[in-house]
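Structure record follows, encoded as structure tokens.
Residue indices begin at 1 and follow the sequence shown. It should be emphasised that the depicted structure is a prediction, and the values quoted were computed from it without experimental measurement. We count ligands from 1, going down the list as the structure has it; atoms in each ligand are counted the same way.
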Amino acid sequence: MNPRHNAPASLALVQDLVNTWFGHLSGGADDGLATRADLARFCREHGVDVAEDDVTDDEVALARVVREGVRAALARHDDAGREPVDGEALARLAAVAPDLPLHVGLAGDPAALVPVGGGVRGLLADLLGRAVTAAGDWPRLKVCRHPRCRAAFFDRSRNGSGVWCSMAVCGSDTKKRAFVERRRARSQAG
Ligand SMILES: [Zn+2]
């Protein structure tokens, strides 16, 4: 992905989780959250020291529910009115979110949302809190409109109109398909 689509520090955690899996135009991609080892590595890469043995299969499943729920939430930043929102993914996230509590911490200034738990659950709670604390940056974290990509990217365009993680790859591929479909429709009509 174009590095200018990297999210600011406040949202890097969210972007990185979503992008542990996204489709590639050339066939499927590996899921970066397939195993307990994957999730432990993800936690360590984001400042939470978790050993593989400390991670449960339930937590791997939980992390994937959070990932797809967040992807569905981010998709609304671009897809509004264009593509159906993945309501099932949002509902699954809503069902587990109460198990990922945060409290308001006033030890520092500004106040912070602090995860109640530690380990994997603490990291996931922290991640969900970013949707609130990132404020104006949140709507710019989007999901690529290409149906076979769906990567999270940060839209730095002046007017916030970006829809592709990569114009050169996903944008041009989509335009090519639209062109082919239009030509087919024309030839069928003629
Ligand atoms: Zn893309």
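No hydrogens or angles considered: a donor-acceptor pair under 3.5 Å links the side chains of Arg67 and Thr20. No hydrogens or angles considered: nothing links the side chains of Asp58 and Thr56 as a donor-acceptor pair under 3.5 Å.
Proximity of Val66 to Leu17: side-chain heavy atoms (C-beta onward) are separated by under 4.5 Å at one or more points.
More than 12 heavy-atom neighbours from other residues, nucleotides or ligands sit within 6.0 angstrom of CD on Glu52.
Under the 3.5 Å distance criterion, the side-chain polar atoms of His77 are matched with a main-chain donor or acceptor of Leu141.
Around the Zn ion (ligand 1), the protein contributes the following N, O or S atoms under 2.8 Å, ordered by chain and number: Cys144 SG, Cys149 SG, Cys165 SG, Cys170 SG.
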Check: After noting the C-alpha distance and the side-chain angles of Val70 and Leu128, does the key distance pass the side chain to side chain contact (heavy atoms under 4.5 Å, CB included) rule?
Finding: CA-CA 8 Å; Val70 169; Leu128 290 179; 3.9 Å; yes

